[in-house]
Amino acid sequence: QVQLVESGGGLVQTGGSLSLSCVVEASGRIFRANTMSWRRQAPGKPRELVASISRGGSTTYGDSVKGRFTISRDNNYNTVYLRMNSLKPEDTAVYYCNADLFFDDGINRNYWGQGTQVTVSS
């Protein structure tokens, strides 16, 4: 089956940096990765967009992270990264990878990773 495998979360102090990675694993499946994104959810708050990147390379950032975070991907579009700089305590959340994947059966499907915890201490 399809899995989005996230890595890179951890504990960092205010002002520090972290890099997250998300790898699409689809053993035995033929697919094309379309839009991929990072979302985050803090306790008691709704899940929100952090950053997204389209198949054509267009990017979108949430207002709270614009200028601090950068999303990128491999040319084959099966891996997406999030570089987080100048981290603040309010960035503390579980970060989820999300992907729209087009398969050889002609169906586009959306997937979520399990999430990786990012904690920024003051």
Side-chain angles (χ1 to χ4, degrees):
Q1 291 187 339
V2 173
Q3 296 185 87
L4 305 185
V5 182
E6 300 136 323
S7 62
L11 175 65
V12 65
Q13 296 206 359
T14 298
S17 298
L18 284 174
S19 293
L20 307 182
S21 299
C22 174
V23 180
V24 178
E25 296 185 350
S27 58
R29 306 291 296 273
I30 300 173
F31 68 94
R32 180 183 70 242
N34 294 321
T35 298
M36 299 183 72
S37 66
W38 289 95
R39 319 271 173 155
R40 70 185 184 186
Q41 188 166 23
K45 296 182 179 180
R47 191 169 297 185
E48 65 176 355
L49 173 71
V50 177
S52 68
I53 184 166
S54 73
R55 186 166 179 260
S58 297
T59 57
T60 300
Y61 294 92
D63 289 340
S64 64
V65 307
K66 203 167 189 177
R68 299 188 296 122
F69 293 7
T70 302
I71 190 170
S72 61
R73 61 172 171 84
D74 288 346
N75 289 335
N76 60 13
Y77 213 68
N78 67 349
T79 305
V80 65
Y81 307 93
L82 184 70
R83 177 63 177 176
M84 304 182 292
N85 295 322
S86 301
L87 284 161
K88 306 173 182 179
E90 49 264 44
D91 294 318
T92 295
V94 178
Y95 285 70
Y96 297 91
C97 182
N98 182 264
D100 288 325
L101 306 178
F102 188 82
F103 292 88
D104 59 352
D105 60 3
I107 303 298
N108 186 78
R109 298 178 175 89
N110 185 262
Y111 295 88
W112 290 93
Q114 293 296 313
T116 184
Q117 177 71 48
V118 172
T119 302
V120 185
S121 64
S122 59

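The model shown is predicted, which means the values in this text are computed figures rather than measured ones.
- Rounded to the nearest 0.5 Å, atoms CG (N108) and CZ (R32) are 8.0 Å apart.
- Checking side-chain atoms of E25 against main-chain N and O of Q3 turns up no donor-acceptor pair under 3.5 Å.
- Evaluation of the disulfide (SG to SG under 2.5 Å) test over residues 51-80, restricted to residues two or more places apart or in two chains, returns none.
- Under the side-chain hydrogen bond (donor to acceptor under 3.5 Å, both in side chains) criterion, S37 pairs with R39, not counting sequence neighbours.
- Contacts of S7 classified as side-chain hydrogen bond (donor to acceptor under 3.5 Å, both in side chains), with partners at least two apart in sequence or in another chain: none.
- The side-chain hydrogen bond (donor to acceptor under 3.5 Å, both in side chains) check on Q114 picks up nothing, with sequence neighbours excluded.
- A chain of hydrophobic side-chain contacts below 4.5 Å, direct or via other Ile, Leu, Val, Met, Phe, Trp or Tyr residues, connects V65 to L87.
- With sequence neighbours excluded, the residues satisfying side-chain contact (heavy atoms from CB on, under 4.5 Å) with S122 are T14, P89.
- The cluster map of Ile, Leu, Val, Met, Phe, Trp and Tyr, joined by side-chain heavy atoms under 4.5 Å apart, puts Y95 and V12 in the same cluster.
- Among residue pairs with one or both ends in residues 32-87, none qualify as disulfide (SG to SG under 2.5 Å); sequence neighbours excluded.
- The CG atom of N110 sits 4.5 Å away from the CG atom of D100 when rounded to the nearest 0.5 Å.
- Residue Q13 places its CD atom among 12 or fewer non-hydrogen atoms of other residues, nucleotides or ligands, all under 6.0 Å distant.
- Q117 meets the side-chain contact (heavy atoms from CB on, under 4.5 Å) test with T92, V94, T119; sequence neighbours excluded.
- Under the 4.5 Å side-chain heavy-atom criterion for ILVMFWY residues, no single connected hydrophobic cluster contains both Y96 and M84.
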Name every donor-acceptor pair, under 3.5 Å, that has one atom in a side chain of residues 51-58 and the other anywhere in the protein, sequence neighbours excluded.
{"from": "S54", "atom 1": "OG", "to": "G56", "atom 2": "N", "distance (Å)": "3.3"}
{"from": "S54", "atom 1": "OG", "to": "G57", "atom 2": "N", "distance (Å)": "3.3"}
{"from": "S54", "atom 1": "OG", "to": "S58", "atom 2": "N", "distance (Å)": "3.0"}

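- Applying the disulfide (SG to SG under 2.5 Å) rule to pairs touching residues 39-122 yields C22-C97, sequence neighbours excluded.
- For Y111, the side-chain contact (heavy atoms from CB on, under 4.5 Å) partners two or more places apart in sequence, or in a different chain, are V2, L4, L101, F103, R109.
- Listed by first then second residue, pairs satisfying salt bridge (charged side-chain N to carboxylate O under 4.0 Å, His left out) with a partner in residues 59-85 read R68-D91, not counting sequence neighbours.
- In this structure, the separation between CH2 on W38 and OH on Y61 is 13.0 Å, given to the nearest 0.5 Å.
- Separation of atoms CZ (F69) and CG (L20) is listed at 8.5 Å; rounding is to 0.5 Å.
- The side-chain contact (heavy atoms from CB on, under 4.5 Å) check on E48 picks up R40, S64, with sequence neighbours excluded.
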